[in-house]
Visitor: 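Below is one structure. I have some questions about it.
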Amino acid sequence: MAAVGPGEYFDAFAVLVTAAVYGVVGHRLGSRPVAPHAAAAARLFATWWYGLGIYTLGRLVQVVLFRSGMTDLVPHMVVTMSLLVVVFLAIWGLVFYLLFLYTGDERLLPATLAFYVALFVGTVYLLVQSAPTGVVLEGNEVLIRYRQPLEGPVTRVLVALFVGIPLFSAAAYASLLFRVRDRTQRYRISMVSTMFLVWLGAALLQGLFLGPAGEVGRIVSRAIGLVAALGVLAAFFPPRWVRERFGVGTARQVTERAEV
Amino acid sequence: MRLTDRLLLALGVTALVPLGFALLVGYSSAESVLERGVESRFGAVADMQEARYQEFWRSAQGAMESVVADEALRGAYLDHRAAPGDTTRSGDLLARLRSVVSASPVLRDLSITAPSGVVDTSTRPEVVGGTLNLTGAPAAGEGAIIRIGKVTGDWRVYLLSGMTWEGAPGWVIGHLAPDLFASWAETYPDRGRTGEVLYGLPDAGGVGRMLAASRLDPSITMGASVGYDWIVPMERALAGEDAYLKEIRDQRGAPVAAMVRGLDGGVGLVVKMDVEEAYAPVVDLQVQTVAAVFTFLVVLGGTAAWVSFTVSRPLVSLTARAKEISGGRHERRIFPSGDDELRVLAESVNRLASRLEEAERTLTERVRAATAELRRSNQELEQFAYVASHDLKEPIRMVHSYLSLIERRFPERIDEELGQFLGYAKDGAERMQRLVDDLLVYSRVGRSGHAHLPVPLEDVMHLTMRDLSILVAEAEAEVRWEGLPAVLGDRAQLVQLFENLVSNAVKFRRAARPRVTIDAVQERPGWWRIQVVDNGIGIAPEHQDRIFVLFQRLHAREEYEGTGIGLAVCKKIVERHGGRIGVETGPGGVGSRFWFTLPAVAEEKAPEAEAVREGTFDRRIEELV
């Protein structure tokens, strides 16, 4: 069993806090009262945040399983596939939310769903084709070993789909800044899109160009993720000094105002 | 549970249970077939190796037996022993040995030892003079054994047979090809990356020694000690086990699958391969099954969501519209898509809505006409009441004035009885004065109202308390209020309303100190419910309906003075603001709780405006960002 050091404990702490923060954001956004026509978009937006929390937590669960001696491929494949479902669900949620925000067309729900189901099936096919053979613990992350690892353009397309779409979505979310006038909404959009651009941008840079990071890189990456999560929390539930200084409200207040 | 969720659940369960069962059965059958296939592949390789070894073993035994039984060789050897320096006899012996070797398919060289175990004759000259380890060496007639040992510094595999030279023991050594077992081990079809065949032989000092090097582990060379290097599968083979070991670790620590067999002569055979490679088809199957299960779940979930959405969306939309229609918005219509039962239902609802709209229109017109008539009648009545009360004021004042004048001017003529009558007359005139004043107030509520503007009820309460300060102070009443909102209304009338209710609360008190509490709660969007709670004498439930009627009094004038108009004025003010008023028994059955509703400042948006905004980008931003 690999040794557990301060870096690993920090990892676990950061993951737990990050997952909890995303869970809280998802819960609070999911419980906002909205009109029936916007209910699906609101629920799927909450799903995105829940998905981020579950995915973050799931990766930690894999590490714990591995460190406790469960090194067989099959249980890790089950966890990996579950997380893949969660990731696709989350990205679908985010994409539909943004599309609905821009178009107001509820019929995009089944269309986007079909797209992401097809994408999921394709991804699973590629995964099976690359023939997983086992799991290894590398940089406090459980990685699957493949007999025929996917390389080249296929990998880049996958990274682009996993990270690129949310990155593009974050940019689209940021563009809302030019269409709203409300101070709270402007603050929220700025915070959320900045945090996501930083977080996903860092992940994309690493995935495409830098490769696996060392321990310092890993801790920095976790810290960026944690700061991004706390930033998102502050976006929806700004601290008192932000509310007083910039005159912004909480998610609940904005919803209540919308209902009046 | 919502319709969408029910549909999702039903579709999920319907498809999941049978297909999941089929998948499970298919998986376990396929896994069993694959596992048996892996085991039989190992068995086939082991069978092939064993067959070859057995053939070799039979041939070797035969060769060694023929050497031991060869009388010519025996004679030649004895001649050589009798005259060791005679090169002719030695040459004959060597020629004889070479002819035996060339006739044997398994022997490469032959050596003969003296009774001391020292090799004194060999087709390999370099071994002559070497000493044979006699431990465990077979006696004459016991048959050949196979051995591994160091010959001139290298590990060699040889056969050893015992014989007798004129009563003295001796041994014949049959040398085998050095790479014999290595060449056999190489013939392993489809051995892949980690498959290998190992041969071992028990030795005198430890568990055994390897008869050929490992192709995977450079540290395992020919002659390596099995026990020392922990070559566990080989230990099992050398122990004579004949088994398939599904998962056992070899000396590298890698989990391997191995077929182990004990062969004739004590030779151990191991056919092994790393589990990861051997069971790759099973692992692939497991991965494919996991992938299939998840793909199936996602596709099923997606399909269920899609079906649920396409079925439930029109229903949800239809329900929402029907709700709006039942809520009074009869002008709303449903625009059905498709050509199914939902369309028929939607058209039925639309027809119902049309009829309701028509009926509502007719009813509205009738109500409008009746209301206009009622308003006109009310105006006339109010005009009459106003005129009557206004015009009555002057004669009453005159009656009262003259009665007072009579009292002042002619005191000497007023005896006790007349004085009493004059008192009654003045009292009556004063009461009539108050009655007319109150009536005037009542009629003015409907006649002289101001536009409804935002009015903070906190301000209203301050004005009320200012006007009632003497009454409150005299009664030592405690009047408290909190959380009063701003409402839309006529400030003067609201002051009148609160004055009437608070003064009533103070007036109709018990012996205890009067306590009045005023607070407000939001009754429904756009409306506040204000409560005035006191600890006074209360109102019996059977009288609670009629106290708002004009001139209704529940007590004798001597007990509590008043005209019976105050609460009627309250009712009129509240209704003029579009609200309702009522009374209940106070908390704990003590006193009264008067309540009334008033419109909030921020009125609910008109439904039409809301509907227009519903589809806008701004609305979505407001709701969802």
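Each chain gets a letter, A, B and so on, in the order its sequence line appears, and its residues count up from 1. It should be emphasised that the depicted structure is a prediction, and the values quoted were computed from it without experimental measurement.
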Visitor: Which region of A:Val78, side chain (C-beta onward) or backbone (N, CA, C, O), has a non-hydrogen atom less than 4.5 Å from a non-hydrogen atom of chain B, or is it both or neither?
Guide: both
Visitor: Please classify the contact between A:Phe100 and chain B as side chain, backbone, both or neither, with a heavy-atom cut-off of under 4.5 Å.
Guide: both
Visitor: Quick check on the interface: out of A:Val192, A:Leu113, A:Leu127, A:Leu73, who has the most heavy-atom pairs with chain B under 4.5 Å?
Guide: A:Leu113
Visitor: Can you tell which of A:Val74, A:Leu84, A:Thr80 has the highest number of heavy-atom pairs within less than 4.5 Å of chain B?
Guide: A:Val74
Visitor: Would you say B:Trp306 has more than 12 foreign heavy atoms packed within less than 6.0 Å of its CH2?
Guide: no
Visitor: Heavy-atom cut-off 4.5 Å, strictly under: side chain, backbone, both or neither for A:Leu101 against chain B?
Guide: both
Visitor: Using 0.5 Å steps for rounding, measure from the OG1 atom of A:Thr123 to the CZ atom of B:Phe294.
Guide: 14.5 Å
Visitor: For A:Met77 and B:Val287, work out which heavy atoms get closest and say how close.
Guide: CE-CG1, 3.8 Å
Visitor: Does any backbone or side-chain atom of A:Tyr125 lie under 4.5 Å from a heavy atom of chain B? Answer side chain, backbone, both or neither.
Guide: neither
Visitor: Among B:Val299, B:Thr295, B:Leu300, find the one that has a side-chain contact (heavy atoms from CB on, under 4.5 Å) with A:Val117.
Guide: B:Val299
Visitor: At a 4.5 Å cut-off on heavy atoms, which part of A:Leu89 comes close to chain B: side chain, backbone, both, or neither?
Guide: neither
Visitor: Using non-hydrogen atoms and a 4.5 Å limit, figure out which bit of B:Val298 sits close to chain A: side chain, backbone, both or neither.
Guide: both
Visitor: Compare every heavy atom of A:Val128 with every heavy atom of B:Ala291, then report the nearest pair and how far apart it is.
Guide: CB-CG2, 3.4 Å
Visitor: Answer with side chain, backbone, both or neither: which region of A:Leu176 has an atom nearer than 4.5 Å to a non-hydrogen atom of chain B?
Guide: side chain
Visitor: Side chains of B:Leu297 and A:Val85: does their closest heavy-atom pair fall under 4.5 Å?
Guide: no
Visitor: Less than 4.5 Å apart, any side-chain heavy atom of A:Arg147 and any of B:Asp284?
Guide: yes
Visitor: Taking 4.0 angstrom as the limit, do B:Glu276 and A:Arg145 come out as a salt bridge?
Guide: yes
Visitor: Going through the checks in order, is the side-chain contact (heavy atoms from CB on, under 4.5 Å) test met by B:Val283 and A:Thr133?
Guide: CA-CA 7 Å; B:Val283 172; A:Thr133 55; 5.9 Å; no
